[in-house]
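Note that ligands are numbered from 1 as they come in the structure, with each ligand's atoms numbered from 1 the same way. Since the model is a prediction, treat every value here as computed from it, not as a measurement. The residues of the chain are indexed from 1 along the displayed sequence.
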Amino acid sequence: MMEKNLKVEYLTDSFVVETADALKGEADTAVSVLCGGTLDFTGWVGYAGSRSEEYISEIERVAESIRRDSDVLVVIGIGGSYLGAKAAFDFIDRADSKLPGDYPEIEFAGFNLSGTYHARLVERIKGERFSLLIISKSGGTVEPSMAFITLKALLKEKYGEEEAKKRIYAITDKKTGKLRKESDEAGYQTLVLPSDIGGRFSVLTPVGLLPLAAAGVDIRQILAGAKSAESGELLEAAKEFAAVRKVLGEEKKVQAIAFFEPSVEAFTAFLMQLFGESEGKDGLGTLPVGVGVSRDLHSLGQFLQEGSQIFYETLLFVEEPTLEINISSGNEDALYAGKSYSDFNRAVLEGMVFAHREADIPIIKVSVPDNSAYSFGQLVYFFEMTCAVTGLLMGVDPFNQPGVEAYKKGMLDYLGKK
Ligand code: PA5
């Protein structure tokens, strides 16, 4: 089957694309640096496309063991140890990707410190056959640790100490951290998050792949999609988009990322992390903000059209949505008669582009072919590369996050635990 590729269109003043063209040499150098293997935390570059059969089968084997004895899998993590899996889980149409069989429901925990959220989760799962998947590279992040303590206690109460250990799966560093130590001592089944891949660049590793495989997604399709973006026209497209973002980012302080399908909302949150945590440092960067269409056109839409022009827009549009409803051609209201939701979703896109170009807002449209696992893999790698190249063009280190530590220190100081 001939797979379709995502497409990028620049609906901006021509000087933006021309100025970005002048950065082509620098963007090429940035990609060479990323691919060169000399920069720390670039293990994600070309990672998906080079996975061996043995590597993929091992993830599928662990997923199968989760499936055998669980009706619910609780995936515990935050940041890069949560957002990518959540994005994939919401984005991928499982009717298209699902392998035959029965699959556990997936719940997420450990990305907030809400007692209400976790108490409700305990209520929801305590009568079910459940297992835990704890994901933490460092192994010591407070939010997932708290959820793990809570849910591990529930697991032990329900199954006893020994059976509980068999129902805990961990993804963490190969050697270091509290979670590695606990996993080795207790004998949890573990998969490794490579030490040269940071959290927000880890969705195409077991961090994203194991929960998805457990949920029945064909992870081979995700990897194939990612591989298709590792070279050729999509790599060129990522470089170009990175240069355009660098140019726009010098003037515009916000990147509004609009999505037109609820299935893309979590992917937008993933992009907010990817761009925000990779580029927002040294007093630089554009603030990524998600905009749900049509919902937010009836709120932020006013600001976008007539407010302070501090932003540019990236539109994420799925060309072939999963399901459709057609309004009967006999409908009494001629506006709707014979039309589908897709017709109207495309009309809102076109209407938004028309109105926002009238207001001189720079727009980059990313057309996503569909909600397949393949498209998801392609999108992830395309945006990871775009983000890393933009960061290098800006002169920041896209792979660190020193600012994230500040709140953690404040929280631990408050708790009296330095
Ligand atoms: O991108 C990152 O590195 C962060 O968002 C981390 O993923 C997040 O802070 C969670 O860290 P950990 O996986 O160590 O618990």
Qualifying ring pair (Phe, Tyr, Trp, His ring centres under 6.0 Å) pairs with a residue from residues 160-200, counting only residues at least two apart or across chains:
none
Nearest heavy-atom approach of Ser70 to Ser131 is OG-OG, 2.7 Å
Please tell me whether Phe259 and Phe91 form a close aromatic pair, meaning their ring centres lie under 6.0 Å apart.
no
Please report the shortest heavy-atom distance between Ala48 and Leu223, naming the atom on each side.
CB-CD2, 3.7 Å
Does any non-hydrogen side-chain atom of Val122 lie less than 4.5 Å from one of Thr150?
yes
Please tabulate protein-ligand N/O pairs under 3.5 Å for ligand 1, atom names and distances to 0.1 Å.
residue  : atom   : partner : partner atom : Å
ligand 1 : 1 (O)  : Arg200  : N            : 2.9
ligand 1 : 1 (O)  : Arg200  : NH1          : 3.1
ligand 1 : 1 (O)  : Gln273  : NE2          : 3.4
ligand 1 : 1 (O)  : Glu277  : OE1          : 3.3
ligand 1 : 3 (O)  : Gly199  : N            : 3.4
ligand 1 : 5 (O)  : Gly80   : N            : 3.2
ligand 1 : 5 (O)  : Gln273  : NE2          : 2.7
ligand 1 : 5 (O)  : Glu277  : OE1          : 3.1
ligand 1 : 5 (O)  : Glu277  : OE2          : 3.4
ligand 1 : 7 (O)  : Gly80   : N            : 3.0
ligand 1 : 13 (O) : Ser81   : OG           : 2.7
ligand 1 : 13 (O) : Lys137  : N            : 2.8
ligand 1 : 14 (O) : Lys137  : N            : 3.4
ligand 1 : 14 (O) : Ser138  : N            : 2.8
ligand 1 : 14 (O) : Ser138  : OG           : 2.7
ligand 1 : 15 (O) : Ser136  : OG           : 2.6
ligand 1 : 15 (O) : Thr141  : OG1          : 2.5

Aromatic contact, Tyr341 with Phe344 (centres under 6.0 Å)
no
